[in-house]
**Q** 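Structure in structure tokens, see below.
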Amino acid sequence: MADDLSGRRVVVTGGTRGIGRESVLAFAASGARVLTCARRDDEHARSLAEELAGFGTDRHAVVTADVAQPDDVRQLAGYCRDRLGAVDVLVNNAGVDGHAPVGELSPAEWHRLLSTDLTACHLVTQALLPLLPDGASVVHLGASVAARGRPGSAHYTAAKAGLTGLTRSLAKELGGRGIRVNTVAPGVVVQDPDELGPHLTARLRAATALGRLARPAEIAAAVVFLAGDAAGYLTGTTLYVDGGM
């Protein structure tokens, strides 16, 4: 049975699509108050706000913030302080993917990936640290490919691997306050099982022990688990949710 998170104040970055959206909805369904952000006020943000309204008017918020930008992160921290007062659970979910052979990997593309997938986690955690009470939980979204490597994505795997070190260090630095810091490392996640095309989908399914690809809601379940009391003695860990790739 999932933890009852009634009254918990939760922040999820990049929460309008995919794993982030499913995590926001799972937290809301568990009774938490949720504030999430996205880079743009688009149809995904607006539809999520409408869906969240079904859990209770004015309990949740969808705001605009690019967490790779320090000014936006400071603004996000202000939103959290004004709307929530404190943050019991922080989920650093915002991220981007990228593909480029190492010989063609430009400095701009390298920095784009590192800024969003790694540096942003530091910026948001640092900015919200004054709002985290003793016993809070921080969850980063990594990727199991960081442990395996992926040709043509050195910047992506480097950024996600960097989260492992960030997680371990923050867990030890903040553990004295009972703040837990963990990473969820998904494998290949798809909304539509056939969105990658039949040949690539078949190859990726064959690479998993379970013979299928993950759905966003399955990763969100792991995020909510790490945020809750059932994971109260888990910190500094990377939880692989990749179907046995």
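In what follows, every heavy atom counts, from backbone to side chain, and hydrogens, waters and symmetry copies are set aside. These numbers come from a predicted model, not from an experiment.
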**Q** At what distance, to the nearest 0.5 angstrom, does CG of Leu76 lie from SG of Cys37?
**A**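 Atom-to-atom, Leu76:CG and Cys37:SG are 5.0 Å apart.
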**Q** Show me the side-chain donor-acceptor pairs of residues 5-12 shorter than 3.5 Å, one per line, residues at least two apart or across chains.
**A**
| from | atom 1 | to | atom 2 | distance (Å) |
| --- | --- | --- | --- | --- |
| Ser6 | OG | Asp4 | OD1 | 2.5 |
| Arg8 | NH2 | Asp229 | OD1 | 3.0 |
| Arg8 | NH2 | Asp229 | OD2 | 2.9 |
| Arg9 | NE | Asp88 | OD2 | 2.9 |
| Arg9 | NH2 | Asp88 | OD1 | 3.1 |
| Arg9 | NH2 | Asp88 | OD2 | 3.4 |

**Q** Do the rings of Trp110 and His155 sit parallel, tilted or perpendicular, given the 30° and 60° boundaries?
**A**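 Correct class here is parallel.
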**Q** Have Asn92 and Thr125 got a donor and an acceptor in their side chains that come within less than 3.5 Å?
**A**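 Present: a donor and an acceptor within the cut-off.
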**Q** Using a strict cut-off of less than 4.0 Å between a Lys/Arg side-chain nitrogen and an Asp/Glu carboxylate oxygen, indicate whether Arg212 and Glu218 qualify as a salt bridge.
**A**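 A salt bridge links Arg212 with Glu218.
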**Q** Could you check whether any side-chain heavy atom of Thr201 comes within less than 4.5 Å of a side-chain heavy atom of Val188, counting everything from C-beta outward?
**A**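 No; the side chains remain at least 4.5 Å from each other.
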**Q** Are any of the side-chain heavy atoms of His60 and Val62 separated by less than 4.5 Å?
**A**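 Answer no - side chains too far apart.
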**Q** Charged N to carboxylate O below 4.0 Å: is that the case for Asp66 and Arg39?
**A**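 No, this pair does not count.
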**Q** Enter the distance from Leu166:CG to Thr183:OG1 here, rounded to the nearest 0.5 Å.
**A**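 If we round to the nearest 0.5 Å, Leu166:CG and Thr183:OG1 are 7.5 Å apart.
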**Q** Determine yes or no for a side-chain-to-main-chain donor-acceptor pair under 3.5 angstrom, with Arg203 supplying the side chain and Pro198 the backbone.
**A**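 Not at all, since once roles are kept as given, no pair shorter than 3.5 Å links the two residues.
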**Q** Report the residues that fulfil side chain to side chain contact (heavy atoms under 4.5 Å, CB included) with Ala231, sequence neighbours left out, ordered by chain and then residue number.
**A**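 Side chain to side chain contact (heavy atoms under 4.5 Å, CB included) list for Ala231, sorted by chain: Arg180, Phe225, Leu226, Leu234.
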**Q** Answer yes when Arg21 and Glu51 have at least one side-chain N-carboxylate O distance shorter than 4.0 Å, and no when they do not.
**A**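 Counted as a salt bridge, because a side-chain N and a carboxylate O are separated by less than 4.0 Å.
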**Q** Please table the atom pairs, donor to acceptor, closer than 3.5 Å between any side-chain atom in residues 235-245 and protein atoms at least two apart or in another chain.
**A**
| from | atom 1 | to | atom 2 | distance (Å) |
| --- | --- | --- | --- | --- |
| Thr235 | OG1 | Val181 | N | 3.0 |
| Asp242 | OD1 | Gly244 | N | 3.0 |
| Asp242 | OD2 | Ser144 | OG | 3.4 |

**Q** Regarding Arg112 and Asp117, does a basic nitrogen lie under 4.0 Å from an acidic carboxylate oxygen?
**A**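 Judged by the 4.0 Å cut-off on N to carboxylate O distance, Arg112 and Asp117 do not form a salt bridge.
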